[in-house]
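Data first, discussion second: the structure below is written as structure tokens.
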Amino acid sequence: RCSSAGHALQIIVMLSNLARLCPFFTGGSGGRACCSNSGDVSALAPLTLETQVSTVEPWAHRLPDHVMWSITLLTAVGMAFLNLITIASMRTLVKWKFHFMQTVTDDAGVGRGAAALVATAALLATLCMTLVFIVDPDAGSSGAPENRGWLNGNNCGKFFTRRSLFVRGLATILGNAAGYPVGREGPTVTMGSNLALLITNGLARPYAGQWVDVGTSGVGRTAALVVDEERLAAAQRVACAVGGACGMAMIFDAPIGGILYMFEEVTAICWPLELTFRAFAGTTTCALLSRALLNLCGTDTKAFVVFEWSPQRHPWDWWDLPIFVLIAAVLGPFSSLHTRICLAVGGFRQTAMKALDTCQPYARVLEAILYAAACAIVCSLVALMGRCEPLRPGDSGELVRYNCPRGYYNPVASLLLTTSEGAVNLLFSRRNADEIHPINALLALCAYTSLNIGLTGVPAPSGNFTGTMLIGGLVGRILGAATQDLNPDETGSAASGVYAMVGSAAMLCGFKRMSLAVVWFVCIASNDFNIVPPLMLSVVVSLVLARICKDRGYDEEQVLRRQVPFLEPEPPAGMDRMLASQLCEDLPEDAKLQPESTVRAINLALQRRSMTDFPVIREGGVCIGFTTRERLEAALRACAQRESEGSRAEASSPVAEDDLRDCEEGEIECLISDDSTNPVGTLPPHAALLVGRLVDPVPYTILEEMPAPRLYALFARAGITTACVVSDSGIF
């Protein structure tokens, strides 16, 4: 009996799925079934057309496993190919730029070589800025604050588009090649989320929709394809987190590091249970495929990531622990100071650009080009202060000759006239104690830190992860060399590269306010798990001091300054004495709809472009739920299509666009699609739509006297996006 019931249940589920895939299910000639999406439901079976939108719990997508796994794997594969294109293009441009500089230097002298570098940097920056401001100005940043707000549970709007993905990817290549003191971590994570969202839209949207009868008076029963935005958004956020993890996994060749980074970026309260394994599978696939593609191209992953192979059985001793603590104690407050100065520079630049508002966007473009040229000038001039050192057998291939004769290298140029990854590799090496003298490291520190701070606010897609590691590595190497004189016989002292690793971890955790991911990335870069204890110790000391000096890190400050919606796990202190009624928005009357609203009323509500959710209120002031902008637009389009099909059936030719312009005002409402200026149909202005069928039928109802911290927890921890605040008598 149980077996028969199970088979019967499976058959019912299969038929139900078939009905949803083919909602307009009518009998055809010869016993065949046919599907249509024209909106004509005159012969529609009663059970195939819903009269109410179904809902699921918050942060749940309820999509089939094969759909989510397809999204996960396609995202991983797409990021692997994106990584191949990015690093191949970037390496080609950077190699050409410095080869051109060195050739001109050898042939015509240092002055003309530096001029060639400045011209090349300005050219690449010009291409980058032209692409950004002409095609997609929103792509002129890392996108990390917006991505973080989206993963936190807020609406991403139209931030993730195909155009944005293309422009941000190409601009990241050009910006890094131009010589801006940046990395590619932030833009790569955003591109991973962007790619994942586009894939999810294509694969998951059909499963998150249902057909609802929104029949209008005078038009008849009409089916509208309504998408459950919460289900779709839940699937998109899972996929976006996987895409971001794949991005970090590729940059450092550390799949687990990518997962840890996104876990700390998203925070535990926004991390679904299923995401851990999906991210694990996605980053594994992405890392393996990236390695395979690079091997096919005749190179290796380690040639493009921060990695130094110099193993030691005992990389540190007890004598080094006080030095590690000293490095962390210096870099914790310094990271907070660095954050404050960066924010001040960004604020000053924003004020200056507002003063030049009549000259925009040309002023911003010109400033970005000039700053790229300034970076090249500063690096070229500071590199001239370095003393040429003879090359020895076994020296690193990252060393740069610049103004030195053949067989020699310039230690300052080796840190400045290269990529940030190449400079970090030099600092992390435990075999080059004499290659980078502390004085040379100090010169590079002053130049690079100044340029890194001055870059804040320049409209170039940039990441601060590798740049911050470089600054910390320089400080760690300088302090390590200075304190080694305190150990007379130098027995048990760590190599200078270990001090650089500790400095990188201390600076990075204070700047990004991360711990697990920082330790893992530095550990993987050193390929030595023996340094985990000193890294963790330095992270603890640095984070504690950094939080004492400044409450929020750079990313949190950027979220606030850009006014990106973001909810912390705990409510702010200023909300302790507030009530729920004090947090409510003052809604205009035309934004409140009735269960059966006219087309004119719906169009007036949709003109409120800042609103995405609309309350539906019945007689007596009782709110029966909320509907969304997308659902209303879908219902209007379906009804307009139904009306236009009826008109075409009566007329011998379709209605021309000129005829629509000739209609008297008030006779019809012309519905304009989001991406086109052509009418998609017409409706009588007083036709009524059953808006009550498009609402969430079980809205969250909150008494107006509820303490605000309790209401905050529903949004921050339970994942709701809209709540209905009512009086004691239930009035909205």
Side-chain angles (χ1 to χ4, degrees), residues 65-91 142-144 147 151 160 165-166 168-169 172-173 183-204 235-266 271-272 274-297 299-307 421 463 465-466 516-517 520-521 523-525 527:
D65 276 346
H66 72 274
V67 175
M68 289 303 297
W69 280 114
S70 298
I71 294 171
T72 301
L73 296 179
L74 283 175
T75 300
V77 172
M79 288 302 293
F81 280 96
L82 184 63
N83 180 60
L84 176 66
I85 296 172
T86 301
I87 60 179
S89 303
M90 195 178 300
R91 185 179 186 182
S142 68
N147 187 38
L151 294 176
F160 296 120
L165 178 63
F166 171 78
R168 181 170 281 108
T172 300
I173 296 172
R184 59 187 182 97
E185 304 81 25
T188 302
V189 171
T190 304
M191 287 189 289
S193 294
N194 197 338
L195 177 64
L197 188 138
L198 294 176
I199 294 175
T200 306
N201 275 343
L203 296 183
Q236 289 171 340
R237 289 191 177 95
V238 170
C240 288
V242 173
C246 289
M248 291 301 292
M250 295 183 310
I251 293 176
F252 290 92
D253 193 27
I256 296 180
I259 300 174
L260 293 176
Y261 176 87
M262 292 306 299
F263 180 78
E264 295 194 68
E265 187 81 359
V266 174
W271 188 272
E274 66 170 311
L275 179 54
T276 301
F277 185 59
R278 295 196 188 280
F280 189 90
T283 53
T284 301
T285 303
C286 183
L288 291 175
L289 184 57
S290 294
R291 183 182 292 264
L293 292 173
L294 290 173
N295 289 341
L296 289 175
C297 295
T299 184
D300 185 69
T301 307
K302 301 305 181 184
F304 302 95
V305 300
V306 178
F307 178 79
E421 291 84 1
F465 213 89
T466 310
L516 292 173
W520 187 265
F521 283 133
C523 182
I524 289 297
N527 199 33

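- Closest approach of Gly282 and Ala76 over heavy atoms only: O-CB, 3.3 Å.
- Every side-chain contact (heavy atoms from CB on, under 4.5 Å) that Thr190 has, sequence neighbours left out, goes to Asn147, Phe159, Phe160, Arg168.
- To the nearest 0.5 Å, atoms CD (Gln236) and CD1 (Ile71) are separated by 9.0 Å.
- In this structure, Thr284 OG1 and Leu289 CG are separated by 12.0 Å, a value rounded to the nearest 0.5 Å.
- A side-chain donor-acceptor contact under 3.5 Å links Glu264 to the backbone of Leu516.
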Identify every side-chain donor-acceptor pair in residues 245-252 under 3.5 Å, counting partners at least two apart or on other chains, and give the distances.
none

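- By the side-chain contact (heavy atoms from CB on, under 4.5 Å) test, Ser142 is found to be paired with Ala144, Pro145, Pro187, residues two or more places apart in sequence or in another chain being considered.
- How far CG of Leu84 is from CZ of Phe81: 7.5 Å, rounded to the nearest 0.5 Å.
- The side-chain hydrogen bond (donor to acceptor under 3.5 Å, both in side chains) test applied to Arg237 returns no partner, not counting sequence neighbours.
- Every residue two or more places apart in sequence or in another chain that forms a side-chain contact (heavy atoms from CB on, under 4.5 Å) with Leu165 is listed here: Met191, Asn194, Leu195, Leu198.
- Minimum heavy-atom separation, Ala517 to Gly257: CB-O, 4.5 Å.
- Across Cys240 and Leu151, no two heavy atoms sit closer than the pair CB-CD2, 3.7 Å.
- With sequence neighbours excluded, no residue forms a side-chain hydrogen bond (donor to acceptor under 3.5 Å, both in side chains) with Asn295.
- Taking 4.5 Å as the limit, every side-chain heavy atom of Val242 sits out of range of all side-chain heavy atoms of Met262.
- Annotation: side-chain contact (heavy atoms from CB on, under 4.5 Å) contacts of Ile256 (sequence neighbours excluded): Leu260, Trp520.
- Proximity of a side-chain donor or acceptor of Ser89 to a complementary backbone N or O of Thr86 within less than 3.5 Å is not detected.
- Considering only residues two or more places apart in sequence or on other chains, Ser290 meets the side-chain hydrogen bond (donor to acceptor under 3.5 Å, both in side chains) condition with none of them.
- Side-chain contact between Val266 and Leu275 is absent, with no heavy atoms from C-beta onward closer than 4.5 Å.
- Applying the side chain to side chain donor-acceptor pair (under 3.5 Å) test to every pair with at least one member in residues 66-76, sequence neighbours left out, gives no pairs at all.
- Partners of Trp271 under the side-chain hydrogen bond (donor to acceptor under 3.5 Å, both in side chains) rule, at least two apart in sequence or in another chain, are Thr276.
- Of the inter-residue distances, the one linking Glu185 atom CD with Thr172 atom OG1 reads 10.5 Å to the nearest 0.5 angstrom.
- With values rounded to the nearest 0.5 angstrom, Asn83 atom CG is found 5.0 Å from Arg184 atom CZ.
- In this structure, Val67 and Ala204 approach most closely via the heavy-atom pair CG1-CA, 4.3 Å.
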